[in-house]
Number of protein chains: 2
Amino acid sequence: MGKHGIILFGHGARDPRWAEPFERLAAKLRAMRGDPVSLAFLELMTPDLPGAIAAQAADGCKAITVVPVFFGQGGHVRRDLPQIVEQCRVANPNVAIHCATAVGEDEAVLDAVAGYCLRQG
Amino acid sequence: MGKHGIILFGHGARDPRWAEPFERLAAKLRAMRGDPVSLAFLELMTPDLPGAIAAQAADGCKAITVVPVFFGQGGHVRRDLPQIVEQCRVANPNVAIHCATAVGEDEAVLDAVAGYCLRQG
């Protein structure tokens, strides 16, 4: 039975400190599950999504869930990401690649953000 | 005694659907408190932050908390935002403008995102 990887997909930025919450998030998930958890970026940071998927496939993942760590779903999530995922499916025909909805659409995430906002008031 | 406004500051995008989680977040906060809650964007969407702050000041806010609704803190949050906030302080000398850390740095927000990721696996 193959492993089931999770890839946290973010936009990327020039400032390396930008990635800190993504690294903390990956560390949290690794503490919660044994299968691979890695990061991938649309631009300005590495690895990109094809690279991250190839690495998890080489590591024995037969299923990979890509989670867009974005608040809003604009062109990057609605247009760029499906195109990249489709290329990855062609390049990795033996891996079932599932793409989740952006985290900012989740009610519990929004509740946590609202709680944070109230604590700043 | 003046009102205390909250402004949710996001990047902005071309696709109007991008703003949906921000609107849901603002609605949640309005249900939790009586004072003004509004949105502001760095680019591509309106209002911008100076416009949102001027509107809350005109509405009677004597204190305003700006919450960057970003996961990572890169150039937009570390460089652009403080410059805009400083201009807003000069333009609104009678309003105490406080700027929070980006929501993605908050432990409870990251825990909620991690929970979402696990539910997708």
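All chains are named by letter (A, B, ...) in the order of the sequence lines, taking the proteins before the strands, and each is independently numbered beginning at 1. In this text the structure is predicted, and so the values were computed from the model without any measurement.
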For the student: nearest non-hydrogen atoms of B:H98 and A:Q120, plus distance: CD2-O, 4.2 Å
Between A:D111 and B:K28, the two heavy atoms sitting closest are OD1-NZ, 2.6 Å
Counting heavy-atom pairs under 4.5 Å with chain B, which one of [options] comes out on top?
options: A:A112, A:P21, A:A63; value: A:P21
options: A:G75, A:G115, A:G72; value: A:G72
options: A:G74, A:A13, A:A108; value: A:G74

Given heavy-atom pairs under 4.5 angstrom as the criterion, report whether the side chain, backbone, both or neither of B:R79 touches chain A. neither
Decide yes or no for B:E20 and A:Q73: does some side-chain heavy atom of the first lie under 4.5 Å from some side-chain heavy atom of the second? no
Is there a path of hydrophobic side-chain contacts, each under 4.5 Å between heavy atoms of I, L, V, M, F, W or Y residues, that connects [X] with [Y]?
X: A:I84; Y: A:I64; result: yes
X: A:F70; Y: A:V85; result: yes
X: B:V77; Y: A:F41; result: no
X: B:M45; Y: B:I6; result: yes
X: B:W18; Y: B:L25; result: yes

Which members of residues 99-107 of chain B, sorted by number, sit under 4.5 angstrom from chain A on a heavy-atom basis? B:A100, B:T101, B:A102, B:V103, B:G104, B:E105, B:D106, B:E107
From the list B:T65, B:I7, B:L8, B:V37, side chain to side chain contact (heavy atoms under 4.5 Å, CB included) with A:C117 holds only for B:L8
Which atoms of A:A19 are under 4.5 Å from chain B, going by heavy atoms: the side chain, the backbone, both sets, or neither? neither
Rounded distance (nearest 0.5 Å) linking atom CZ of A:F71 with atom CZ of B:F71: 3.5 Å
